[in-house]
S.K.: 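Starting off with a structure, shown below.
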Amino acid sequence: MGASLSNLTDGANGSTIGPGLGDIPESCVACVFLYLTPPEICNLARLNRAFRGAASSDSVWESKLPANYQDLLDLLPPERYQNSSKKDIFALLSHPVPFDDGNKEVWLDRDTGRICMAISARGMSITGIEDRRYWNWIPTEESRFHVVAYLQQIWWFEVDGVVKFHFPADVYTLSFRLHLGKFSRRLGRRVPNFEHTHGWDIKPVQFQLSTSDDQRASFECCLDETDCEDANGNHKRGRWIDYKVGEFIVTDSEPATEVRFSMKQIDCTHSKGGLCVDSVFIIPSDLKGRKRRVLKKP
């Protein structure tokens, strides 16, 4: 095996000993690329002219795009993608495509070409958000939307959202990205502040999702665990955690799927505060575990 591979490599470098990689027809290389991931294709494109040509083939890259990729392109100005190759379209859509006044983003996973989505706190309905006694908007580079909603104190905590989109067939996970406590930077170091953090260990927060085809999921948990501190402190404070609400299944991109989601703690016997709400993520379920730290149902 090693000798055979060595002979192929020698041939590619101009030796007359046997066939080389350069002798493989571009069409054959393109057929092989149909079974590889986009990063693998880009790496192999460096080998020689045939591989480079196959790596630019529209037929190869169209197989990596979701069937309804035109729905994503429709969110962009036509001049951004007109006359572009399928490879360039894949590269374009692998970057966040904003919509709904920039409060939502959709993009293709670079390894699989599957659709992912994020929804900013600004794209949700938050009870009391206009009253600065309760909520504030905090600019930060720790959010992909560069701003998070910070709760100082409130009795009725409720956040709701909805999105309607042509999701391709897949199994998706929806999660809320939350952070207990405020944070800032001093002398280049990240410094958490738990001055307002209270009330999240008394009663659980209820998370829910539902879809237009009547799929439902729910989850509840206490966001704080003051009685579970160890040598490293409370593991839920001072860091971003994704709270998995549940999964939903899409069998066809037509018609568009409407997804409603919420989290609430409306027991008014006690106040709660000191919480950052960043965003909601909708990600293909088998991608979720390897990309983000998720707090799953017990």
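All values derive from a computational prediction rather than experimental measurement.
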S.K.: Can you list the residues that meet the side-chain contact (heavy atoms from CB on, under 4.5 Å) rule with S56, with sequence neighbours excluded?
M.R.: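 side-chain contact (heavy atoms from CB on, under 4.5 Å) check on S56 returns K87.
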
S.K.: Which atom pairs, one a donor and one an acceptor, fall under 3.5 Å between side chains of residues 73-80 and the rest of the protein, sequence neighbours left out?
M.R.:
unit_1	atom_1	unit_2	atom_2	d
D74	OD1	Q70	NE2	2.9

S.K.: Name all residues meeting the salt bridge (charged side-chain N to carboxylate O under 4.0 Å, His left out) criterion together with R52; count only those two or more places apart in sequence or in a different chain, and write none if there are none.
M.R.: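 Listed in chain order: nothing, the list is empty.
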
S.K.: If you link I, L, V, M, F, W and Y whenever their side-chain heavy atoms are under 4.5 Å apart, who else ends up in the same group as V171?
M.R.: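 Its cluster partners, ordered by chain and number, are I249.
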
S.K.: Are a donor atom and an acceptor atom from the side chains of W135 and Q152 found within less than 3.5 Å of each other?
M.R.: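 Judged by distance alone, the side chains do not pair up.
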
S.K.: List in chain and number order the residues that pass salt bridge (charged side-chain N to carboxylate O under 4.0 Å, His left out) with K164, two or more places apart in sequence or in another chain; answer none if no residue qualifies.
M.R.: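 For K164, no residue satisfies salt bridge (charged side-chain N to carboxylate O under 4.0 Å, His left out) once neighbours in sequence are set aside.
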
S.K.: Compute whether any side-chain donor of one residue and acceptor of the other, for Q265 and K272, lie under 3.5 angstrom apart.
M.R.: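 Side-chain D/A pair, Q265 to K272: present.
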
S.K.: Under the ring pair (Phe, Tyr, Trp, His ring centres under 6.0 Å) rule, what pairs show up with a residue in residues 52-91, not counting sequence neighbours?
M.R.: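 Matches after skipping sequence neighbours: W61-F90.
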
S.K.: Please give the remaining members of the hydrophobic cluster of W156, linking ILVMFWY side chains under 4.5 Å, ordered by chain and number.
M.R.: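 I266, listed by chain and number.
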
S.K.: Please name all residues satisfying side chain to side chain donor-acceptor pair (under 3.5 Å) with S85, sequence neighbours left out, ordered by chain then number.
M.R.: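 Only D88 meet the side chain to side chain donor-acceptor pair (under 3.5 Å) criterion with S85.
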
S.K.: Taking only residues two or more places apart in sequence, or in another chain, which ones meet K64 in a side chain to side chain donor-acceptor pair (under 3.5 Å)?
M.R.: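 Applying side chain to side chain donor-acceptor pair (under 3.5 Å) to K64 gives none.
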
S.K.: Pairs under 3.5 angstrom only: tabulate donor-acceptor contacts from the side chains of residues 115-129 to other protein residues two or more places apart or in another chain.
M.R.:
unit_1	atom_1	unit_2	atom_2	d
S120	OG	R122	N	3.1

S.K.: Kindly write out the residues that satisfy ring-ring contact (aromatic ring centres under 6.0 Å, His included) with F207, not counting sequence neighbours, or none if the list is empty.
M.R.: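 Partners of F207 under the ring-ring contact (aromatic ring centres under 6.0 Å, His included) test: F176, F219, Y243.
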
S.K.: Please verify the inter-ring angle class for F248 with F167; under 30° counts as parallel, over 60° as perpendicular, anything in between as tilted.
M.R.: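 The arrangement is perpendicular - the two ring planes meet at more than 60°.
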
S.K.: Test of understanding: with side-chain contact (heavy atoms from CB on, under 4.5 Å), list the residues that count as partners of S143, not counting sequence neighbours.
M.R.: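 By the side-chain contact (heavy atoms from CB on, under 4.5 Å) rule, S143 matches T140, F145, V148, D278.
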
S.K.: Can the positive tip of R46 be found less than 6.0 Å from the middle of the six-membered ring of F51, inside 45° of the ring normal?
M.R.: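 The answer is no; the distance or angle limit is not met.
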
S.K.: Please check if any side-chain donor atom of N68 sits under 3.5 Å from a side-chain acceptor atom of D71, or the reverse.
M.R.: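 The answer is yes; a qualifying pair exists.
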
S.K.: Answer with yes or no whether the hydrophobic clustering places W137 together with L151; edges join I, L, V, M, F, W, Y residues whose side-chain heavy atoms lie under 4.5 Å apart.
M.R.: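 Yes.
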
